[in-house]
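Okay, so here's the structure we're looking at.
First the proteins, then the strands, lettered A, B, ... as listed; each starts at 1.
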Number of protein chains: 2
Amino acid sequence: MATIKDIAKKAGVSITTVSRALNGYSDVNEDTRKKIVETAKLLNYSPNTIARSLVMKKSKTIGLLVSGFIRENAKDNFTIEVMTGVNDYASQTAYDIVLFTTNSSKQREKTYTQLCKERKVDGVIIQGIRTDDPYLDEVIEGEIPCVLVDIPKIGKHAGYVSTDNYAGAWEVGEYLAGLGHTSIGMVNGHEFAFVSQERLKGFKDSLIQKDIKLSDDRISNGDFTEESGGRAALQLLEDNPSTTAIFCASDLMAIGAMTALKSRGYRIPEDISIVGYDNILLSRYVQPGLTTISQDTYGLGYEAAKLLIDMLDHEGEPRKTIVLHELMERDSSAKV
Amino acid sequence: MATIKDIAKKAGVSITTVSRALNGYSDVNEDTRKKIVETAKLLNYSPNTIARSLVMKKSKTIGLLVSGFIRENAKDNFTIEVMTGVNDYASQTAYDIVLFTTNSSKQREKTYTQLCKERKVDGVIIQGIRTDDPYLDEVIEGEIPCVLVDIPKIGKHAGYVSTDNYAGAWEVGEYLAGLGHTSIGMVNGHEFAFVSQERLKGFKDSLIQKDIKLSDDRISNGDFTEESGGRAALQLLEDNPSTTAIFCASDLMAIGAMTALKSRGYRIPEDISIVGYDNILLSRYVQPGLTTISQDTYGLGYEAAKLLIDMLDHEGEPRKTIVLHELMERDSSAKV
DNA sequence: TTGTAAGCGTTATCAT
DNA sequence: ATGATAACGCTTACAA
């Protein structure tokens, strides 16, 4: 591997000059620069970013900390879409992405902060972490610039991107009430996701405003998995046989609910309407197509990267970015 | 950020001793070690991997070079599953993963090799690259240890993992012939994927052995996208209206074919049987469920990482690893 | 068992 | 416009 030292020797100049020439400084003679660039090419030189990072104290890498990047979760293309967005923005910049996953065996030994400190990432994007994660606060309070996906917390060096989950759920309420439903239930996700809380609140509030009460026995909790959605939906119907519409806090749970209900002989949407949340890929392939709230998942990742890199490069303040959502009406919901 | 220098000062020893103590060398007094470890903890020390990499000339990172990691491709969870496999194996080791994507704007300026050399990755896993990629040879002939996914080429520092595409396609041929089909067509992918060539050969050979000839006008090429599959399938039926079974070289194309055929009034599998390849997530959600060849995509990634890291850590020879495949019979195929 | 010193490949400061 | 030289934080002969 050729180094600037080799170039310096061959070109008959000092390493300082080589460094300056290659980095486009103005105070170097055009002829010397030309010669240096030439010999650099000749020696097939490529800069050693590690050495550069060491002296500059900047690695030009951002950590992408994902939980849920596990085999079982591939169904839910949420994670991958976020990652794609992050990647697309980052690849327009000088930053490379280092992947950290929390389901790894390393996790137990090392906190996220340690991971990031050791690899010297300049900043980190965190996706899929649970609100009860013991290290969440450590990250938010920490020194490393970070952007959280779907966790509305701002710290001295921490911003976030999210969608307006309250508003999204509100729209579902409006929509179902508009279709004439009055006996409505909800399958929520586990309590350790901020989105669960928000979606519940938004849904409840919009129904109340239509004089529909979502009592506790009309709310059943799953854990965002397909299977749990089925279980929760059946429970719901057992407790409230009159239910004509169910809002599920995730598409995966909604799909589970549809499967379970269909297997019990319910027709969707004739007997019961189902609405999901996320607009995952599957939702438009299942039968019937699932009505859901579409989130700009890709945008979530893209904006996260944008926000983080703005914080890094222009000392931008940590702040929040809200990306849009939209009701996608398909065939799993109908007038009562 | 505390460094070993700080620890050395505080503990009253030399930095050499600190280095040795922290790295578990035997030639250091137990008491000194204890004190050093203690002060390290006290100072909230974490090692600077960048400095370490510089001197060791090993970054303990592997590059994951993916093309197809783009928004449009999220449907096909192939890429993400490979990535998950890579990640799962890597996270059991000391290696971290750096993500490179070829669809980035960076690509035009820099070759893969440059990317890898600059970031000083110890090795690289390459997924989704086309056989006509101008830089493919550069990688295979290059100095950087690498493992290719689904490109059967071995070099001095390059191994690969793949499935037996010939055998998989062969089994599809046997299967369809076994169902009594004699008028059979194939929708292949573009010629710039090794898998296309292999699948075509395997399919053709197995049919010939059953005295069924797959003439050129019974082969229609798509480009692995859903839409192209639909187009190719319609073309095929126009040219050969008697066709009763179509083998598509990817599930996505098969799904496109099913949609297109259904919209023309064909019933699947009553009028025409469809078989795909890949067993992507969608294939068991579409109607009817798609018969396909399941590849252990996760295993592809896992084995790729394993092979690469073996090459890096134990100077393992570059070699090939073949992961298993299996025919998944669902409802898109039936007796003629 | 411990310390001194060189060196990894850069950038940056200060002369010249 | 160019060059010496120190520094980044670490590992590793070599010496003591």
B:Glu118 CD to C:dG9 C1': how many Å, rounded? 14 Å

Whole angstrom is fine here: how far is it from CZ in A:Arg52 over to P in C:dC8? 18 Å

Please work out which residues in residues 31-51 of chain B have a non-hydrogen atom less than 4.0 Å from an atom of DNA chain C and list them by number. B:Thr32

Is A:Lys57 near enough to D:dG9 that one of its side-chain N or O atoms lies under 4.0 angstrom from OP1 or OP2? yes

Tell me whether the side-chain N/O atoms of B:Ser14 come closer than 4.0 Å to OP1 or OP2 in C:dT4. no

Choosing from C:dT11, D:dC8, D:dT2, which nucleotide comes nearest the side chain of A:Val28? D:dT2

From the candidates C:dT10, D:dC8, D:dT2, the one with an atom nearest any side-chain atom of A:Ile4 is C:dT10

Hydrogens and angles aside, do A:Glu118 and B:Thr49 bring a side-chain donor and acceptor to less than 3.5 Å of each other? no

Donor + acceptor pair across side chains of A:Ser67, A:Gln127 (<3.5 Å): no

Polar-atom pairs under 3.5 Å, protein N or O versus N or O of nucleotides 12-15 of chain D: list them with distances, or write none.
unit_1	atom_1	unit_2	atom_2	d
D:dT12	OP2	B:Tyr25	OH	2.9
D:dT12	O4	B:Thr16	OG1	3.4

Counting the atoms with a prime plus P, OP1 and OP2 as sugar-phosphate, which does B:Asn29 contact under 4.0 Å by heavy atoms, base, sugar-phosphate, or nothing? sugar-phosphate

Can you give the donor-acceptor pairs under 3.5 Å from side chains of residues 141-151 of chain A to other protein atoms, not counting sequence neighbours?
unit_1	atom_1	unit_2	atom_2	d
A:Asp150	OD1	A:Ser162	OG	2.8

Just list the side-chain donor-acceptor pairs under 3.5 Å for residues 35-43 of chain A, sequence neighbours left out, or say none.
unit_1	atom_1	unit_2	atom_2	d
A:Thr39	OG1	A:Lys35	O	3.1
A:Thr39	OG1	A:Ile36	O	3.0

Test item: B:Leu307 and B:Tyr160 side chains (from C-beta on) under 4.5 Å apart, heavy atoms: no

Less than 4.0 Å between a side-chain N and a carboxylate O, is that true for A:Asp96 and B:Arg119? yes

Determine to 10° how strongly the helix from C:dT1-D:dA16 to C:dT16-D:dA1 is bent, judged from the axes of its five-pair ends. 40°

For residues 312-322 of chain A, please give each side-chain donor-acceptor pair under 3.5 Å, one per line with the distance, not counting sequence neighbours.
unit_1	atom_1	unit_2	atom_2	d
A:Asp313	OD1	A:Tyr95	OH	2.7
A:His314	ND1	A:Asp310	OD1	3.3
A:Arg319	NH1	A:Asp310	OD2	3.2

